[in-house]
Amino acid sequence: MQATVRGVKIGYDDVGTGMPVVFVHAFPMNRTMWRQQVEAVRGQWRAIAVDLRGFGESEMGDEPFTMDACADDVMALLDHLQIQEPVVLVGLSMGGYVAFGCVRRHAHRLRGLVLADTRAEPDTEEGRAGRYELAGKVEAEGVGPVIEGMLPRLVSDTTRSRRPQVVSELRALMEAARPRTVAAALRALAERPDSRPDLARIAVPTLVVVGEEDVITPPDAARAMHGAIPGSRLEIIPGVGHMPNLEAPDAFNTALVDFLSRVAAS
Ligand code: MLT
């Protein structure tokens with residue numbers, strides 16, 4: 001489905017009824033990466049999966065691509081869907097950075113947070129320079145250099161050998177991304193703010209979840225967030241890397257549904 005919000009067509013799925021659970025995807029993917037989680041949740045709650053601007057079925061628009069603009073888009077979509085009650089926001093990696101934007105700008109609209117394979121700290125100078133260089137390459141050559149750089153690091157060795165179809169699925173998700181969006185998102189990732197000062201102010205139930213073998217946003221980053229977010233829970237999923245929702249969907253969904261049940265009961 002598509003809705004026009006803030007002057008941009010945004011792609012989304014909206015299935016089920018009850019407590020709204022909003023899924024925000026990683027870079028450079030789209031909402032279909034949450035397919036198995038939407039299926040796991042829709043019987044009990046309302047699952048909304050969003051394509052961030054420029055990704056999937058969403059248009060890019062004219063406003064600069066920033067994590068905060070994406071956060072505003074997600075909230076504008078909720079307005080469009082007439083969802084006034086607070087939602088549980090589930091963000092993986094870049095989706096987590098967008099969730100931090102929601103914490104800063106729209107905290108009163110949150111009922112719970114799932115921060116998956118993400119981190120609160122900004123890029124290092126070196127990391128930032130690397131993203132700018134890659135953005136230039138993507139504009140010249142397409143998304144190939146991003147896929148070559150990321151795909152070998154996205155999943156664990158176990159996933160690569162035992163579930164090669166996950167690697168194929170990730171490749172297809174990344175190949176579907178448009179170079180203009182990917183370049184803009186890379187620059188936005190480089191410029192994203194330091195979210196560490198916001199962590200202590202998170203006042204809703206929060207699940208921090210990470211793949212044990214995540215080399216992009218490693219378990220130490222998750223432990224640091226867990227330590228700084230009052231009352232948060234930490235779940236480390238063994239044997240998987242940066243994409244536990246695809247690499248170990250059963251374990252990820254068990255942790256997610258257990259957390260959502262607690263939030264719904266609170
Ligand atoms: C992601 O998975 O969204 C990206 O790896 C995030 C990042 O590069 O910081």
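Everything quoted here is computed from the prediction, not taken from an experiment. We count ligands from 1, going down the list as the structure has it; atoms in each ligand are counted the same way.
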Distance-only N or O hit between ligand 1 and Met94, under 3.5 Å: yes
Quick one: which ligand 1 atoms are inside 4.0 Å of a heavy atom on Ser93? 1 (C), 2 (O), 3 (O), 4 (C), 5 (O), 6 (C)
State whether Asp14 and Arg42 are salt-bridged, where the test is any N-O pair (Lys NZ or Arg NE/NH1/NH2 against Asp/Glu carboxylate O) under 4.0 Å. no
Numbering the atoms of ligand 1 from 1, which are under 4.0 Å from a heavy atom of Met150? 5 (O)
Lys9 vs Glu57, side-chain contact (heavy atoms from CB on, under 4.5 Å): CA-CA, chis, key distance, verdict: CA-CA 8 Å; Lys9 275 205 186 95; Glu57 291 183 326; over 6 Å; no
Side-chain ion pair, Glu59 and Arg180, N-O less than 4.0 Å: no
Less than 4.0 angstrom from a charged side-chain N to a carboxylate O is my criterion; do Asp123 and Arg192 meet it? yes
Just jot down the ligand 1 atoms closer than 4.0 angstrom to any heavy atom of Ile216, in number order. 5 (O)
Which of parallel (below 30°), tilted (30 to 60°) and perpendicular (above 60°) describes Phe65 and Phe55? perpendicular
Can we say Arg35 and Glu169 salt-bridge, meaning some charged N sits less than 4.0 Å from an Asp/Glu carboxylate O? yes
Under 3.5 Å, N or O to N or O, is Ala26 touching ligand 1 that way? no
Using a strict 4.0 Å cut-off to heavy atoms of Arg119, name the atoms of ligand 1 that fall inside it. 9 (O)
Just how far is it from atom NE2 of His242 to atom OG1 of Thr159, taken to the nearest 0.5 Å? 13.0 Å
Regarding ligand 1, does Arg192 bring an N or O atom to under 3.5 Å of one of the ligand's N or O atoms? no
Under-4.0 Å heavy-atom contact with ligand 1, by part of Arg131 that carries it: side chain
For ligand 1, which atoms sit closer than 4.0 Å to a heavy atom of Tyr97? 6 (C), 7 (C), 9 (O)
Ligand 1 to His242, heavy atom cutoff 4.0 Å, flagged ligand atoms 1 (C), 2 (O), 5 (O)
